[in-house]
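For reference, the structure is listed below as structure tokens.
Only a predicted model underlies this, so the values are computations on that prediction, with no experimental measurement involved.
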Amino acid sequence: MQKLRCGVIGLGMGRFHVAGYISHPNAEVVSIADMSRERLDEIGEIHHIGARYTDAEEMLQKESLDIVSVATPNAYHKPLTLAAFKAGCHVICEKPMALNAREGKAMVEAAKKAGKRLMINFSYRFYNQSWALKQQVEAGLLGKVYYATTQWHRRRGIPTMGSHFTTKALSGGGPLIDLGVHRLDLALWLMGYPKPVWVMGGAYDPIARELALQTNKTYDVEDFAAGQVRFEDGATLTIEASWASNRFENEHMETRLYGDKGGLVQHNINQDYQFEAEMFMEKMGSQLDVKVHSVGDCPPSAMHHFVDCIVNDKPHTATGEEALIVQEILDAIYASAQKGAPVRIKS
């Protein structure tokens, strides 16, 4: 069959999208866009991509593409996604899907109107241990999940002061929307995406505020956030995320689920980006701990999975609808932090 023609906008995280597409035998990256000519030439030369644009809109108008990745700062996710749908493309957008749920809803509605797919790059689903845990949860090994915790903390890992990461108009927030979004999706995915009904949250910036004053750089987001989510089925989830916190680990990621038949944990090891997972259960009166090693059919990346689902006409994971639930929770945590009171999610 003819290969799907892919284009990538934004070559920071987008360089990983390029690699993800070309790993699939039915896809090819035919064009790339970035404001940096240096990055365009670097990625273009590595992967032999001739069509290089400093204007993403121009790329969408001139190239006949099947799939487009939007891997830009958050403020540009919505307009570029809508432009890609208008150009007749399916879209993978980087996380978070948008600055807020209002923008995210517009993206979901635009995908439906265009008859195109929208996937969000929740990449932490695509680790072997995560994929294996999902299979076990769906098989009923945990029973009813009633509580979960999910975290991503850094001791000191604030992005460049004054960059789009630390500017709320471009990012929508700090570590909660940058790091916490991944761990929130992973927990919700493992839980089966229950419907959230209310949220209580807090957001703080004591460490970053002092650094920003010293450097005279823009920093109007949090450096630490936490929230508790109550779901319609009675379950509760606690989420924490930080770029700066006074703790032992330089990098700590962990997601735990507690069910009436068993529990699980997935966490990073050696303060790095390698993971391990375990499940805990009771069988015949004995308490058992089961180490999860790997699973055979885990897709190597979101991009590979997306291409495969389009080629084989199968549903894809990490849908726009799921991402919208994540965005509603993030919005509610920020709103609760500002109000100092719980916030109900109405949708």
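A donor-acceptor contact under 3.5 angstrom links the side chains of Arg183 and Gln266, judged on distance only. Side chain to side chain, His252 and Gln271 fail the donor-acceptor criterion of an N or O pair below 3.5 Å. A side-chain donor-acceptor contact under 3.5 Å links Tyr21 and Ser69. In summary, the side chains of Ser245 and Arg155 do not present any donor paired with an acceptor at a separation below 3.5 Å, with no hydrogens or angles considered. Side-chain contact of Thr149 with Arg256: a donor-acceptor pair under 3.5 Å is absent, judged by distance alone. Looking at Trp243 and Glu222, their side chains never bring a donor and an acceptor atom within 3.5 Å of each other. Checked by atom type, the side-chain pair His153/Ser242 shows a donor-acceptor distance below 3.5 Å.
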_Worked verdict on Tyr53 versus Glu63 for side-chain hydrogen bond (donor to acceptor under 3.5 Å, both in side chains)_ = CA-CA 10 Å; Tyr53 295 85; Glu63 301 291 333; 2.5 Å; yes

*salt bridge (charged side-chain N to carboxylate O under 4.0 Å, His left out) between Lys105 and Glu103: does it pass, once the steps are laid out?*
CA-CA 5 Å; Lys105 186 176 181 181; Glu103 291 189 352; over 6 Å; no

*Verdict with reasoning, Lys168 to Asp220, per salt bridge (charged side-chain N to carboxylate O under 4.0 Å, His left out)*: CA-CA 6 Å; Lys168 189 172 183 178; Asp220 59 358; over 6 Å; no

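Residue Trp198 belongs to a hydrophobic cluster whose other members are Val197, Met200, with links defined by side-chain heavy atoms closer than 4.5 Å. The other residues sharing a hydrophobic cluster with Tyr258 are Tyr146, Tyr147, where clustering joins ILVMFWY side chains under 4.5 Å apart.
Judged as a salt bridge (charged side-chain N to carboxylate O under 4.0 Å, His left out), and not counting sequence neighbours, the contacts of Asp233 are Lys144. A search for side-chain hydrogen bond (donor to acceptor under 3.5 Å, both in side chains) contacts involving Glu109 returns nothing, not counting sequence neighbours.
Of the candidates Val326, Thr81, Leu118, Asn74, Met97 forms a side chain to side chain contact (heavy atoms under 4.5 Å, CB included) with just one, namely Leu118.
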With a 3.5 Å cut-off and sequence neighbours excluded, list the donor-acceptor pairs that the side chains of residues 88-96 form with protein atoms.
| residue | atom | partner | partner atom | Å |
| --- | --- | --- | --- | --- |
| His90 | ND1 | Arg117 | N | 2.9 |
| Glu94 | OE2 | His17 | NE2 | 2.8 |
| Glu94 | OE2 | Asn121 | ND2 | 2.6 |
| Lys95 | NZ | Asp178 | O | 2.7 |
| Lys95 | NZ | Asp178 | OD1 | 3.0 |

Distance-only criterion, 3.5 Å: show the donor-acceptor pairs between side-chain atoms of residues 279-293 and protein atoms not counting sequence neighbours.
| residue | atom | partner | partner atom | Å |
| --- | --- | --- | --- | --- |
| Glu282 | OE1 | Gln287 | NE2 | 3.2 |
| Lys291 | NZ | Glu276 | OE1 | 3.1 |

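Counting heavy atoms from C-beta outward, Lys217 and Thr160 have side chains that stay 4.5 Å or more apart. Side-chain contact between Leu237 and Leu184: present, with at least one pair of heavy atoms (C-beta onward) separated by less than 4.5 Å. In this structure, the side chains of Glu328 and Ile345 come closer than 4.5 Å at one or more pairs of heavy atoms.
Using bins of under 30°, 30° to 60° and over 60° for the plane-to-plane angle, the ring pair Phe275/Tyr124 lands in the perpendicular bin. Note: Trp152 and Tyr273 have perpendicular aromatic rings, judged against thresholds of 30 and 60 degrees for the angle between ring planes.
Aromatic ring centroids of Phe122 and Trp189 lie 6.0 Å or more apart.
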